[in-house]
Amino acid sequence: MDVNGNFPAWKKKKRKFKIGKDGQKIKLKPSVPISVFPKSAQTNGVIRQSGGQESNISASLTIKKKKKFKKNKNKQNGTAVEMKDEFMTSSVQLTNGVLTKKAKVELKTIPSLLRVVEKPATPVRSISNLFASQSDSKVSYSEKPALPIKPSLLGTPVPSVSKTTISKSSVARTIAFTPSKDNIKSTPPSTPKFVPNSEKFTRPQLPIDVVEQQLMYELASQETLIVIGETGSGKSTQVPQLCVRAGIAEKGAIAVTEPRRVAAVSLAARVAVEMGTDIGGVVGYHVRFENATTHKTKIEYMTDGIVLRKALVSPLLDKYSTVIIDEAHERSLHSDVLMCILKKCQEQRRESKNPLRLIIMSATLQADKFQAYFDNAKVVLVAGRTFPIEVFHVNPKINKSFSSTDYVYNTVICVKHVHLNEPKGHDILVFLTGSEEIEAVAHQLAELNGSLPASADFILPVPLYAALRPEKQKEAFRKTPQGARKVIISTNIAETSVTIPGIRVVIDSGKVKSKRFEATNRIDVLKVHNVSKAQAKQRAGRAGRDAPGKCYRLYSREDFHKFETENMPEILRCNLSATFLELMKLGMKNPHRLQLLDPPEPENIDAALLELTSLGAIKPITSDRNKFILTDMGNSFCMYPLPPDHARVLFQAQKEGCIMEAIKIIAAMQTDALFSGGSDSKIDLDVERIRRRFETREGDHITLLKLVLLTNNFFDQLNSKTEADARYNKSNKSLEREYNEAIRKFCNDNMINEQHLKTASMIEDQLKEIAVEQNVPFSTCGADFTKIRKSIAVGMFLNSCEYDRQEDRYRLMINPAITLNIHPSSCLSRSKPAYIVFSELMKTNDLYALQVTLIDADWVRPLITEHKKIRKNHLAESAQRIQQIAQVEPKAKKPKLNTTL
DNA sequence: GAGCACTGC
């Protein structure tokens, strides 16, 4: 069916783009924006902004409405059979987070995963650094394989793990040596150290309670344990407590790593309540800018980045007896790197008095991969607890009205269908890729209200994405008004980061926008991709948080099967230079031999090494040019929580005498845009107008500095006013209120994102503190910004460009074959100076330089010449290395035992 | 004169 034929009027009038046969966005002519959230909407009950344009959509959907859903759902046993649905078909059901056909979901410890594995001999080492290789240090092998802590906790004789050696060929043989449940009950743990105070707090039953005793036994007996449990199983709150009750915390605190700050803070709060203590007592958390732990703390919830920084200071992490990596399936850069480091830690602490225990917790069934990585560690499965979700797919044979590629169009059709067929009061969550699409769909849905039957509720579209102003974001969490159905149209922010109550239906476009790093040219590519199967499952799961739900997938089951199983790990799609710098601080010498869960491409590794060498942070060892060590400069870079080129800017600024200004700029660069906006055109114009006020001919970095200086000024005045007011005995409460209101007004007047401003200022303080620790002398350049521009140019010289008048484009100085444009959001996009340096190179429809500063070519020329020299050697060496690897390859295929670098 | 998912130190 011809999509354009179906929706002639609004498609052309309201949308800035359409999606073509190949899935690419095609630009349409711009339109006049109409507010999506008209105040009158709720009083009138209907929005009428265009007459008669929707007649086609309502016609096509009325026909569909008459075709009844034939549901053969057997509600008693929670199973679903093939649904005869004219709209979409479903033969599967997502129960407890698991897609099932018929069988009931029963998750417990699967015997086949309980393997007894021959442990390789453990080397005893006398080394101080984590990544020392065999040739770097003396290695002697102990005669007896290392034993995990004796599993005598239960008082039950248990076969020894290491003595039940079985041959390699029979590894798959299963030996169930776990004592039976009855057995456990009759012999409870002999010395429970902490027991939740059930008088103060009784928590509801959790699925994890069923396997509690068994888990406790495994926690005590295994060196490494993998816990697989779906959402709602209670693993994130209970496993750390079980560790404490099993007496593991006696030898050191339990660290629990989370990928997000909110998770770390809220989990700590929850567990503190359950254990009847305060935050900072037995339970605490540590995230950036906030450390709520004390010497008493036994369970520390932390973000994975914090643990990584802690490892830089104390590589063996000997404060901790156990590290629990939560949400390992998300494969964040930090958690992947942590797993690699912790494995090394474990090897080195194995023979000590305080061996390190590792617990990997993950939601999806990627157990095999983690298990192989951790030398066949035991896996325990825990059931999840979410409500059943019916999953529908588009069936191209039946659903002829769907476009084959235009998921934005399909979204609107699907919302209308759901709205007219699902019970009133069931809110909808739609997943799309970006603000532009989201605003377009919100607009179209608002217009749909005009063509709804009188009996139907009002559709209340609510956009939700990160760049949206915070007040607007809050709309998504507001209670749905009577007589309306809330339709939240969101990016993947609603996948993990926020949970919206009341969602009963999810519509999944199957698309996501993601950034990948092209290492060879150092370009970020932002592109729409298909989601992974795991991601689709995660999205569907958002419908079953409060009650049974439904998920409509705007793609066929065949397409779904073609999706990747898991998300691409972050480590495979980002610039590795910052990570390598950290790992080298820990003693890694040859990144090519790094044993990661998913090893990056050799080209990406080489690109990061080249970048670090050119920045002067590392240098090859003369005896073996495959190995690198940190230079003094590289060592000081590690102290800052910054990408290496930004740290280099600070280093240069110290030389130039403008460290104060450089810190302000670099801090602001670490946050998202300080000017707040969204895809609301009216606001965009305002942002644009106000941004102009700060514009300079020197570029965006100086603009940023001017903005920060202005806000500093404002805060100084505000603070002195508040102090003065305090002397006049104003109450603290009213002072605080006035203070906060003044900030809000200032941010509103200047279109500044208050949250981002706050973050930037906290990062500024953090960087200042580090600079003081590093004995960096304080210096400022006053109003002469040349020194700052030079520091930026030197630090980021790899990003310097020369204007090509003939082409009317810029050429990258280190690689003139690459041509690019200055992004129109930059204040230099029109003036086009001869030489510039940029912060970031982003490929969307064109190759754009973001955040641009005017520079002098002489500042960077010597560095570029030097870089070209280094690159030449580098290329020759990497070619040689690839050849060597190719020759050694057959041998290298052998099963890996001890991993050395 | 274009358009930008999400985290984290």
Side-chain angles (χ1 to χ4, degrees), chain A residues 16-17 25 27 30 257-264 286-291 302-313 327 330-338 431-440 464-468 490-498 509 511-516 524-529 531 535 538 567 570 573-574 578-579 581-582 637-643 646-647 667 670-673 675 677-681 684 687-688 759 762-763 766-767 770 821-830 832 840 842-851:
Chain A
K16 288 183 186 168
F17 62 91
K25 271 188 194 169
K27 244 187 83 174
T257 80
E258 296 292 332
R260 281 169 289 279
R261 285 190 227 163
V262 261
H286 189 175
V287 296
R288 192 178 196 181
F289 311 126
E290 226 185 331
N291 185 356
M302 293 180 274
T303 41
D304 38 24
I306 286 276
V307 185
L308 213 54
R309 300 268 356 146
K310 285 199 173 189
L312 289 187
V313 182
E327 313 281 11
E330 282 191 25
R331 304 297 306 279
S332 81
L333 172 67
H334 288 158
S335 83
D336 269 20
V337 173
L338 255 184
F431 283 103
L432 285 173
T433 72
S435 55
E436 197 185 1
E437 282 169 13
I438 288 171
E439 296 290 350
L464 179 66
Y465 48 89
L468 203 64
S490 170
T491 59
N492 42 354
I493 191 171
E495 235 169 64
T496 48
S497 306
V498 297
S509 64
K511 300 285 176 188
V512 64
K513 201 174 278 183
S514 65
K515 205 150 116 175
R516 293 188 185 171
D524 282 313
V525 184
L526 193 68
K527 219 176 122 188
V528 173
H529 299 272
V531 296
Q535 208 170 356
Q538 173 75 19
N567 295 357
E570 195 180 354
R573 51 183 177 85
C574 71
T579 301
L581 197 68
E582 281 163 1
F637 287 2
C638 290
M639 302 302 156
Y640 296 93
L642 293 173
H646 292 185
Q670 308 311 307
T671 64
D672 294 325
F675 287 111
S679 261
D680 195 329
S681 316
D684 256 19
V687 172
E688 208 55 40
T759 311
M762 284 195 285
I763 296 175
Q766 196 182 17
L767 295 179
I770 298 168
N821 253 323
I822 298 180
H823 193 271
S825 65
S826 164
C827 59
L828 294 184
S829 65
R830 275 158 304 208
K832 297 190 178 164
E840 204 183 339
M842 174 93 87
K843 191 170 162 187
T844 47
N845 282 347
D846 191 0
L847 195 54
Y848 287 113
L850 301 170
Q851 278 187 330

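Each chain gets a letter, A, B and so on, in the order its sequence line appears, and its residues count up from 1. Below, each value reflects all heavy atoms present in this structure, side chains not excepted, and no hydrogens, waters or symmetry copies.
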Separation of atom CD in A:Q538 from atom C1' in B:dA5, rounded to whole Å: 15 Å
Integer-rounded Å distance: B:dC6 P and A:L432 CG: 13 Å
Nucleotide B:dT7, atom P - distance to CG of A:D336 in whole Å: 19 Å
A:R261 side chain near B:dC9 phosphate (N/O to OP1/OP2, under 4.0 Å): yes
A:K511 NZ - B:dC6 P separation (whole Å): 19 Å
Phosphate-side-chain proximity, A:T303 and B:dG8, N/O vs OP1/OP2 below 4.0 Å: no
Which residues share a side chain to side chain donor-acceptor pair (under 3.5 Å) with A:E570, sequence neighbours left out: none
Side chain proximity check, A:R260 to A:T496, heavy atoms < 4.5 angstrom: yes
Sugar-phosphate only, base, or nothing, as touched by A:R288 at under 4.0 Å among non-hydrogen atoms: base
Basic-acidic side-chain contact under 4.0 Å: A:E437, A:K513: no
Sugar-phosphate, base or nothing in reach of A:S332, heavy atoms under 4.0 Å: nothing
Proximal nucleotide (of B:dA5, B:dG8, B:dC4) relative to the A:H823 side chain: B:dC4
Closest to side chain of A:Q670, choosing from B:dC4, B:dC9, B:dC6: B:dC9
Distance, rounded to the nearest Å, where A:E840 contributes CD and B:dA2 contributes P: 19 Å
Selected nucleotide, minimal atom distance to A:N845 side chain, candidates B:dG1, B:dC9, B:dG3: B:dG3
Euclidean distance, atom CD of residue A:E258 to atom P of B:dC9 [Å, nearest integer]: 13 Å
Side chain of A:I306 - closest among B:dG1, B:dC9, B:dA5: B:dC9
A:K843 NZ - B:dC4 P separation (whole Å): 14 Å
A:V531 side chain near A:N492 side chain, heavy-atom distance below 4.5 Å: no
Selected nucleotide, minimal atom distance to A:R830 side chain, candidates B:dC9, B:dG3, B:dG1: B:dG1
Sugar-phosphate, base or nothing in reach of A:T496, heavy atoms under 4.0 Å: nothing
Between B:dA5 (C1') and A:L468 (CG): distance, integer Å: 14 Å
Which nucleotide in B:dC9, B:dC6, B:dG3 has an atom nearest any side-chain atom of A:Y848: B:dG3
Non-neighbouring partners of A:H334 that pass side chain to side chain contact (heavy atoms under 4.5 Å, CB included), sequence neighbours left out: A:D304, A:L308, A:S332
